[in-house]
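Labels below follow one simple rule: chain letters A, B, ... track the order of the sequence lines, proteins then strands, and each chain is numbered from 1. This structure is a prediction, so every number in the text was calculated from the model and none was measured.
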Amino acid sequence: MVKLSTPRSWKEKKHRYRFIGSLCSDCSKRIFPTRKRCPNCGSKNLKDYYLPKKGKILTFTIVRTAPDGFSDFAPYPLAIVELDDGVRLMLQIVDTNIENVDIGNNVEIVFRRLYVEGKAGHIIYGPKARVTN
Amino acid sequence: MRDVVVAGIGQTKYGMLWDYSLRDLAALAVIEALDSNAVDKIDSIYTGNFSAGTFVEQEHIGALVADYTGFVPLSSTRVENACASGAVAFRTAFNEIASGFSDVCLVLGIEKMSDVVTSEAVYSLSLAGDREYEGYQGVTFPALFALVAKSYMHEFNMPRRALSQVSVKNHENAYSNPKAQFKRKITLEDVENATMIADPLTLLDCSPISDGASAVILMSLDKAKELNVEKPIRVAGIAQASDTLALAHRDSFVSFGATVEAAKKAYKMASKNPSDIDFLEVHDCFTIAEITAIEDLGFYKKGDGFKAVLSGELNACGKLPVNTSGGLKAKGHPVGATGVGQIITLTEQLRGIFEGCALKNPKSGLAHNLGGSGSSVVVTILEVI
């Protein structure tokens, strides 16, 4: 069981369901998740924007010993992905033979089941990535 | 700012200490530290503890420590910065004494991890990372450092063997340390054939789950003179820095910016360069972290650290001994205790009383304590007066 509660997951709908990040109106810094103060210039003029759905793998690993709630997926590749506009984020890689995952792979964002939370079995969805090259 | 010295030290063994509770460990370490220089009057207490709430279902560790070490009604505060909690507690006490607000502080680092099963301990440790934006993808701590290792191997062509050598060396050093968790020498093949946790890191690339407590009595140099403290060890430089909570948000995955920043400030405060430092205790939570640390601390150029490991110059008898205690890998890693434990190793080496891989007359040592995936770092330089 994953211990991220339903209300906490609900608050993440902007990031997980709509894949929205922040764009700074003053310095053009782009970042995911959204912020209220720009980590680059300190500006409060940040606006929501839809992140690009394509990117590439900067580094990756294969998780063999999974944490509770993720063992159904194991072994699974996990990568730091840089989207086409430079935003970096952590994503599981799916639909790809784990032997073929490598640094530099092109990926696209897909919408997938993340985990099941609580006794009620509330299914939480969100972004993962798939190798396209 | 006043000069501050380490005057007393005490610690439990690190390991799976089934017979001892969090309270027992706190008392054992503190009593030994108090006895080590016969101090019985202190001004305040700082305790580094990462997650007693999840490990033993007890928060409010500040009051617990004051109560169970017999120091009620003194000010007693818990400090938390993930795996850097111990060094942050030490630095908080340092600031209090250097500023003249207190003369004597007790610093405790403590973690009791073995009261929960391994999967729960792994869960607790994962809370040191970015739970909401990395943890939710199934990230574990070994996975975060595996991402660093993979990136480093890709960029600098590091052979897997260099990682194995870090583990072999640290097990070798722990073998003669009576406080260490693992008293077992291992081979390169042992590391490489161990269970794969997150490629390329195997079980023997990872620091263990440990119980333990380390305590230090910190005081002003003036107070140490007044009390005739034997071989006080001066805090020459100490600095703390932060980085993004999520590893993915960094510009580089082969260098930890918080280590670079904290080191720069600590060297400046101590008026020292890396060449003035005789030995190091670095935060080898995973083998790759020792390699990035010796580079980020300025001892080797980026990409050359792994060559130093392979050449043997980081061995206890080498040019730059690193982790003579056995490091987190083999001495053990009771999370909140680790940063204070590193200070104790430096102090014992500088006083010439280290039981284990003792160095010949070192004058100055450096401790590097890193929290999370490098989101908090403290660098401390100690020297003989």
Interface moiety of [X] toward chain B, non-hydrogen atoms closer than 4.5 Å:
{"X": "P127(A)", "value": "both"}
{"X": "L89(A)", "value": "backbone"}
{"X": "A79(A)", "value": "backbone"}
{"X": "E12(A)", "value": "side chain"}

Rounded to the nearest 0.5 Å, how far does CG of D68(A) lie from OG1 of T140(B)?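 It comes to 12.0 Å.
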
Show your working on side chain to side chain contact (heavy atoms under 4.5 Å, CB included) between R250(B) and R88(A) and close with a plain yes or no. CA-CA 8 Å; R250(B) 314 266 168 84; R88(A) 293 175 173 194; 5.7 Å; no

Using side-chain heavy atoms (C-beta onward) and a distance below 4.5 Å, is R16(A) in contact with Y136(B)?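 Side-chain contact under 4.5 Å: yes.
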
Less than 4.5 Å apart, side chain to side chain, heavy atoms only: is that true for L78(A) and Q137(B)?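 Of all side-chain heavy-atom pairs linking Q137(B) with L78(A), at least one is under 4.5 Å.
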
Would you give me the side-chain donor-acceptor pairs under 3.5 Å for residues 191-200 of chain B, sequence neighbours excluded?
residue : atom : partner : partner atom : Å
E192(B) : OE1  : R161(B) : NH2          : 2.7
E192(B) : OE2  : R161(B) : NE           : 3.3
E192(B) : OE2  : S164(B) : OG           : 2.6
N193(B) : ND2  : E189(B) : O            : 3.2
D199(B) : OD1  : R64(A)  : NE           : 2.9
D199(B) : OD2  : R64(A)  : NH2          : 2.8

Applying the side chain to side chain contact (heavy atoms under 4.5 Å, CB included) test to S151(B), which of T59(A), L58(A), I80(A) qualifies?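 Testing S151(B) for a side chain to side chain contact (heavy atoms under 4.5 Å, CB included) against T59(A), L58(A), I80(A) leaves exactly one candidate, T59(A).
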
Examine whether an atom of [X] lies under 4.5 Å from a heavy atom of chain A, and if so say whether it belongs to the side chain, the backbone or both; otherwise answer neither.
{"X": "F253(B)", "value": "side chain"}
{"X": "A143(B)", "value": "both"}
{"X": "L144(B)", "value": "side chain"}

If you tally heavy-atom pairs under 4.5 Å against chain A, which of T244(B), V139(B), D130(B) wins?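 Highest number of pairs under 4.5 Å: V139(B).
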
Between Y133(B) and H15(A), is there a donor-acceptor pair closer than 3.5 Å when you use the side chain of the first and the backbone of the second?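 Looks like no, no N/O pair under 3.5 Å.
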
Verify, without hydrogens or angle tests, whether T61(A) (side chain) and L147(B) (backbone) share a donor-acceptor contact under 3.5 angstrom.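 The answer is no, because no donor-acceptor pair under 3.5 Å joins these two groups.
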
Do any of residues 282-295 of chain B have a heavy atom less than 4.5 Å from a heavy atom of chain A, and if so, which, in residue order?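 Those residues of residues 282-295 of chain B which would need a heavy atom under 4.5 Å from chain A do not exist here.
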
Do other residues, nucleotides or ligands put more than 12 heavy atoms under 6.0 Å from [X] [atom1]?
{"X": "H122(A)", "atom1": "NE2", "answer": "yes"}
{"X": "K13(A)", "atom1": "NZ", "answer": "yes"}
{"X": "N133(A)", "atom1": "CG", "answer": "yes"}

With Y125(A) via ring pair (Phe, Tyr, Trp, His ring centres under 6.0 Å) - residues at least two apart: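 Counting only residues at least two positions away or on another chain, Y125(A) forms a ring pair (Phe, Tyr, Trp, His ring centres under 6.0 Å) with F111(A).
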
Verify side chain to side chain contact (heavy atoms under 4.5 Å, CB included) between K150(B) and F60(A), making sure each step is shown before the conclusion. CA-CA 7 Å; K150(B) 202 82 171 175; F60(A) 76 100; 3.3 Å; yes

At under 4.5 Å between heavy atoms, what parts of residues 24-44 of chain A are in contact with chain B? List them by residue number.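 So far as heavy atoms go, F32(A), P33(A), R35(A) are the residues that approach chain B to under 4.5 Å.
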
